[in-house]
Amino acid sequence: MATEQLNVLKALDVAKTQLYHFKAVVIAGMGFFTDAYDLFCIALVTKLLGRIYYTDPALNEPGHLPANVSAAVNGVALCGTLAGQLFFGWLGDKLGRKSVYGFTLILMVLCSIASGLSFGHEAKGVMGTLCFFRFWLGFGVGGDYPLSATIMSEYANKKTRGTFIAAVFAMQGFGILFGTIVTIVVSSAFRHAFPAPPFYIDAAASIGPEADYVWRIIVMFGTIPAALTYYWRMKMPETARYTALIAGNTKQATSDMSKVLNKEISEEDVQGERATGDTWGLFSRQFLKRHGVHLLATTSTWFLLDVAFYSQNLFQKDIFSKIGWIPPAKTMNALEELYRIARAQALIALCGTVPGYWFTVAFIDIIGRFWIQLMGFTMMTIFMLAIAIPYDYLVKPGHHTGFVVLYGLTFFFANFGPNSTTFIVPAEIFPARLRSTCHGISAATGKAGAIIGAFGFLYASQDQKKPETGYSRGIGMRNALFVLAGTNFLGLLFSLLVPESKGKSLEELSKENVGDDDAIAPTGV
């Protein structure tokens with residue numbers, strides 16, 4: 001039997017877009033800015049770490065991270081993120097969204113700083129402590145996913161909810177771009193202050209002792225904007241949906257939202273109302289009946305997306321080197337190589353990554369989540385095949401521009417597509433008491449895909465005849481790109497299970513005002 005939606009939630013659903021919406025986007029978005037910076041900046045400095053700690057003067061090539069160390073450095077934060085998404089997602093439903101929101105930010109800031117202060121000067125000590133702190137950094141980052149998405153979802157009105165959740169997630173694009181800018185600035189400053197010869201002229205002098213400061217500054221720099229938002233995170237009131245539907249305190253929810261909306265909701269409006277949140281749990285028959293297909297849809301599509309997305313993102317530098325867009329390592333000194341890697345990734349971020357996020361912000365509440373996700377996976381499949389089929393032609397000198405354009409377009413449609421929608425939809429379609437948990441489960445499944453991408457792509461893309469030192473033979477870059485195209489196509493198929501949530505209230509989507517006998521799971525579109 002259907003029950004009436006609480007008046008305070010109705011007020012939120014129909015509220016006009018106002019200052020508090022934008023304030024919430026900035027507060028939650030700066031966390032994602034830092035998340036992206038912290039997760040992806042490591043990809044910029046791994047080649048520098050290899051030169052500093054693993055160069056053998058007896059060899060004629062710059063040092064690089066051994067296979068197991070490279071996999072650990074790139075993947076350990078993702079493992080921490082997976083654990084954090086599950087833990088803080090669950091905790092956000094148990095203790096409240098706001099209660100644990102500040103803790104995740106503190107953890108990110110402290111562990112990001114500690115990552116740059118990794119102990120010792122020997123490779124084993126530095127890499128060990130770097131991996132330790134990056135795991136806990138990832139743990140804090142993981143908490144930000146379900147909490148930020150749920151908070152923004154529960155604060156927003158139903159007309160522009162997708163836009164605001166997408167805007168929070170779009171800060172990730174600026175975080176990635178900011179990481180490349182910081183790297184370019186820091187490496188340029190040190191290059192001019194401490195000139196060094198290329199590796200082939202003087203191996204030892206090409207690195208220089210100053211390079212050890214460079215990667216530490218880059219790793220730590222992203223903490224600054226996040227730390228500045230801590231005070232405002234603590235000042236945010238708990239969401240009305242948690243307070244009313246889970247804590248059962250409708251009066252407090254009304255009082256909090258009256259201040260947020262700058263609108264008086266009279267005492268008479270809430271008299272006689274009661275919280276109507278569901279009481280059944282995640283492993284109940286009722287959840288399986290109402291949301292089992294939804295959870296399958298959000299977990300599978302996020303998993304398949306992240307296999308491809310993180311494979312491409314974390315190993316851009318390796319792809320650029322293999323196509324010849326970055327000169328051979330021994331023709332450069334350590335900081336010049338870092339500068340060129342950052343410049344190449346900045347171009348991809350500026351032309352493909354960032355615009356894709358903001359196209360989603362602009363069109364998510366016009367086109368809808370379902371069609372944007374379907375379009376994104378379709379175009380990613382097409383462009384990945386467009387790279388893989390003529391790969392041998394595109395990597396030849398003089399043809400690199402075509403490769404970079406197609407590669408940038410895959411990022412554009414990842415972000416104007418499933419990379420954004422897989423974050424948005426789980427924050428909308430599940431009931432309030434399980435919303436953060438289910439978002440955390442969906443995001444954690446995605447990070448499992450990211451881990452497979454981060455570890456698997458590095459090995460799979462190795463040349464079939466001449467793999468890099470320390471690696472076994474793989475299937476080659478071209479075949480690895482075909483695998484990623486197939487992964488994107490599977491994501492397209494599973495996207496058919498994703499419900500459309502555009503323009504509907506959270507209670508309508510989750511069926512929280514409908515009895516078990518009346519509950520019918522929403523279908524695809």
Side-chain angles (χ1 to χ4, degrees), residues 2 5 9 13 89 93 145-146 149-150 152-154 156-166 168-169 241 245 277-278 280 282 284-306 360-361 363-378 416-446 490-525:
Q5 187 185 27
L9 304 187
D13 277 344
D93 284 333
Y145 274 73
T150 302
M152 196 66 245
S153 174
E154 294 182 345
N157 62 53
K158 64 182 180 180
K159 184 179 179 181
T160 58
R161 184 178 60 239
T163 298
F164 285 114
I165 304 174
V168 169
F169 194 61
R241 285 180 164 90
L245 297 177
D278 296 311
W280 36 262
L282 181 66
S284 65
R285 181 182 63 83
Q286 291 93 332
F287 179 86
L288 183 63
K289 177 183 176 182
R290 294 192 187 191
H291 300 292
V293 173
H294 294 163
L295 191 59
L296 173 63
T298 58
T299 52
S300 60
T301 52
W302 208 334
F303 174 84
L304 292 164
L305 165 77
D306 274 7
T360 301
V361 173
F363 293 107
I364 188 74
D365 284 314
I366 299 172
I367 300 174
R369 289 72 159 148
F370 178 81
W371 290 112
I372 286 179
Q373 182 159 319
L374 216 61
M375 174 197 67
F377 269 126
T378 301
F416 183 33
N419 192 41
S420 296
T421 54
T422 52
F423 175 81
I424 296 167
V425 173
E428 299 180 306
I429 62 176
F430 297 106
R433 67 176 55 254
L434 297 171
R435 186 168 291 133
S436 180
T437 300
C438 289
H439 195 286
I441 291 170
S442 302
T445 309
L490 284 175
L492 167 64
L493 296 180
F494 276 99
S495 293
L496 298 174
L497 300 175
V498 175
E500 180 55 75
S501 51
K502 175 170 71 83
K504 300 176 182 178
S505 74
L506 296 179
E507 287 67 47
E508 181 184 356
L509 287 163
S510 64
K511 302 294 181 182
E512 285 183 276
N513 295 326
V514 178
D516 288 341
D517 295 335
D518 301 322
I520 301 174
T523 54
V525 284

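- Contact of the Ser436 side chain with the Pro146 side chain is registered, since non-hydrogen atoms from C-beta on lie closer than 4.5 Å.
- Asp93 places a side-chain N or O within donor-acceptor distance of the main-chain N or O of Thr437, the cut-off being under 3.5 Å.
- Judged by distance alone, the side chain of His439 and the main-chain N or O of Phe423 form a donor-acceptor pair under 3.5 Å.
- Counting heavy atoms from C-beta on, the side chains of Ile429 and Thr298 come closer than 4.5 Å.
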Next on the checklist: Leu493 vs Phe377, test: side chain to side chain contact (heavy atoms under 4.5 Å, CB included). Steps then yes/no.
Outcome noted: CA-CA 9 Å; Leu493 296 180; Phe377 269 126; over 6 Å; no
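- Within the 4.5 Å cutoff, the side chain of Thr421 has no heavy atoms near those of the Val498 side chain.
- Taking the charged nitrogens against the carboxylate oxygens, Arg435 and Glu154 do have a contact shorter than 4.0 Å, which makes a salt bridge.
- Environment of CZ in Phe494: sparse, with no more than 12 heavy atoms of neighbouring residues, nucleotides or ligands closer than 6.0 Å.
- Note that the CZ atom of Arg369 and the CG atom of Leu374 stand 15.5 Å from one another [nearest 0.5 Å].
- With salt bridges taken as basic N to acidic carboxylate O contacts below 4.0 Å, none links Lys504 and Glu428.
- Between Thr301 and Gly491, the shortest heavy-atom distance links the atoms CG2-O, 4.0 Å.
- Using cut-offs of 30° and 60° for the angle between ring planes, the Phe430 and Phe287 rings count as parallel.
- With contacts defined as side-chain heavy-atom distances shorter than 4.5 Å, the pair Leu496/Phe370 qualifies.
- Across Gly162 and Ile424, no two heavy atoms sit closer than the pair O-CD1, 4.0 Å.
- Contact record, Ala427 with Ser153: O-OG, 2.7 Å, taken as the closest heavy-atom pair.
- Contact annotation: the side chain of Cys438 approaches that of Leu282 to within less than 4.5 Å [non-hydrogen atoms, C-beta and beyond].
- If you take CG on Leu304 and OG1 on Thr422, they are separated by 10.5 Å, rounding to the nearest 0.5 Å.
- Remark: Gln373 CD to Thr360 OG1 distance equals 10.5 Å, nearest 0.5 Å.
- Residues Pro431 and His291 have side chains in contact (heavy-atom distance under 4.5 Å, counting atoms from C-beta outward).
- Atom OG in Ser505 sits 7.5 Å away from atom CZ in Arg161 (nearest 0.5 Å).
- When atom types are taken as modelled, the side chain of Ser420 and the backbone of Phe416 share no donor-acceptor pair closer than 3.5 angstrom.
- Within the 4.5 Å cutoff, no side-chain heavy atoms of Ile367 are placed close to those of Met375.
- In plain terms, the two heavy atoms of Asp13 and Asn157 that are nearest each other are O-CB, 3.2 Å.
- The distance from the CG atom of Asp365 to the OG1 atom of Thr163 is 3.5 Å, given to the nearest 0.5 Å.
- Taken to the nearest 0.5 Å, the NE2 atom of His294 stands 8.5 Å off from the CG atom of Leu509.
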